[in-house]
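Input: a single structure, listed below in structure tokens.
The residues of the chain are indexed from 1 along the displayed sequence.
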Amino acid sequence: MTDQLFRIPVGHWGEVVLNWFIANLGGLFNLIKSFFQNWYDGLAWILTAPPFWVVILVLALLAWLLRSWKMAIGTVIGLLLIYGMNQWEHSMETLSLVLVASIVAVIISVPLGILTAKSKIVSAVVKPILDFLQTMPAFVYLVPAILLLGIGVVPGIVATIVFGMAPGTRFTELGIRSVDTEVVEAGQAFGASPGRILRQIQIPLALPTIMAGINQVIMLSLSMVVIAGMVGAGGLGKDVYASLTTLNTPLGVESGLSVVILAIFLDRITASLGQSNVPAKNG
């Protein structure tokens with residue numbers, strides 16, 4: 001073993017910081033844990049309490065209204081397959097977790113993206129943080145989440161939120177910055193306030209790009225949910241992890257296929273929302 005010239009105790013510093021958070025902000029983290037747990041439990045109850053066919057019909061109707069009748073039929077077939085593989089309850093738990101994490105990530109990332117597009121100073125501060133979040137391995141997010149929030153679904157939700165925020169922020173900033181400056185200047189010439197220009201010009205024109213970012217938030221959240229199954233988040237992630245540890249091929253195939261079906265459904269729905277809000281061009 002070679003002698004090391006010097007040692008920087010970064011890990012120890014991190015432990016000190018986490019211990020300080022636990023000792024001084026324990027009440028806040030308990031409040032956060034209670035909030036996310038109740039939200040998740042409520043949404044999971046909405047999706048699992050009714051008969052499975054009722055939920056399938058509602059989701060198929062949503063797919064029909066936002067996409068097409070073909071998407072509605074595909075939704076029915078995919079969800080019936082999930083039910084037939086005995087993965088219905090776990091799939092709805094996973095869908096609940098994804099929706100909670102994605103909604104919070106979007107609520108944070110979209111305004112942050114608008115702010116970074118408006119301020120060079122904020123952009124200079126936020127971009128290195130986003131680079132750090134995107135390059136850090138997904139498993140690392142679980143370590144502080146477990147230490148601060150314990151084992152269960154909540155650390156999975158929080159880690160998923162942090163993991164999914166970066167693309168939402170980046171795409172929103174890109175969309176706002178890509179709006180034609182001549183259109184913005186025309187609004188300013190007519191005396192529109194900055195807030196009105198943002199609401200009525202920049203956001204509508206940037207909406208397809210913003211929705212593409214939201215789509216990526218949801219997809220990353222779904223991928224992180226599987227990893228979060230390792231810390232007791234439940235749902236399909238728990239089954240995927242169990243299939244790996246026990247070499248249970250049938251369980252792995254069924255749970256993995258269920259994740260794919262949910263991913264396709266969420267991807268098509270969010271893509272439809274972006275396309276349906278593209279401003280019409282006058283011929």
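In this structure, Phe171 is not a member of the same hydrophobic cluster as Leu205, with clusters built from ILVMFWY side-chain heavy atoms closer than 4.5 Å.
Taking a 4.5 Å side-chain heavy-atom cut-off between Ile, Leu, Val, Met, Phe, Trp and Tyr, the cluster of Ile73 extends to Leu61, Trp64, Leu65, Trp69, Ile77. Hydrophobic side-chain contacts under 4.5 Å tie Leu174 to no other Ile, Leu, Val, Met, Phe, Trp or Tyr residue.
Residues satisfying the salt bridge (Lys or Arg N to Asp or Glu O under 4.0 Å) criterion with Arg196, sequence neighbours excluded, are absent altogether. Checked against ring-ring contact (aromatic ring centres under 6.0 Å, His included), Phe35 has the following partners two or more places apart in sequence or in another chain: Trp39.
For the 3.5 Å distance criterion, the side chains of Thr270 and Asn215 qualify, holding a donor opposite an acceptor. Side-chain contact check for Ser123 and Glu173: at least one donor-acceptor pair (N or O, by modelled atom type) lies under 3.5 Å.
For the pair Ile269 and Leu59, the minimum side-chain heavy-atom distance is 4.5 Å or more. Counting heavy atoms from C-beta outward, Trp13 and Ile8 have side chains that approach closer than 4.5 Å. Residues Phe36 and Leu97 form no side-chain contact, since every pair of their non-hydrogen atoms from C-beta on lies 4.5 Å or further apart. Here the side chains of Ile261 and Phe265 are not in contact, with every heavy-atom distance at 4.5 Å or above.
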Enumerate donor-acceptor pairs with a distance under 3.5 Å from any side-chain N or O in residues 103-119 to protein atoms, sequence neighbours excluded.
{"residue": "Ser109", "atom": "OG", "partner": "Ala105", "partner atom": "O", "Å": "2.7"}
{"residue": "Thr116", "atom": "OG1", "partner": "Leu112", "partner atom": "O", "Å": "3.2"}
{"residue": "Thr116", "atom": "OG1", "partner": "Gly113", "partner atom": "O", "Å": "2.7"}
{"residue": "Lys118", "atom": "NZ", "partner": "Gln202", "partner atom": "OE1", "Å": "2.6"}
{"residue": "Ser119", "atom": "OG", "partner": "Ile121", "partner atom": "N", "Å": "3.4"}
{"residue": "Ser119", "atom": "OG", "partner": "Val122", "partner atom": "N", "Å": "3.2"}

Enumerate donor-acceptor pairs with a distance under 3.5 Å from any side-chain N or O in residues 221-228 to protein atoms, sequence neighbours excluded.
{"residue": "Ser221", "atom": "OG", "partner": "Ser102", "partner atom": "OG", "Å": "3.4"}
{"residue": "Ser221", "atom": "OG", "partner": "Val217", "partner atom": "O", "Å": "2.7"}
{"residue": "Ser223", "atom": "OG", "partner": "Leu220", "partner atom": "O", "Å": "2.7"}

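Atoms CE and CD, from Met211 and Gln216 in turn, are 11.5 Å apart once rounded to the nearest 0.5 Å.
Closest approach of Pro204 and Leu198 over heavy atoms only: CD-O, 4.1 Å.
Ring geometry, Phe52 versus Tyr83: the interplanar angle falls under 30°, so the pair is classed parallel (tilted spans 30 to 60°).
With respect to Trp88, the side-chain contact (heavy atoms from CB on, under 4.5 Å) criterion is satisfied by exactly one of Leu79, Leu47, Leu80: Leu79.
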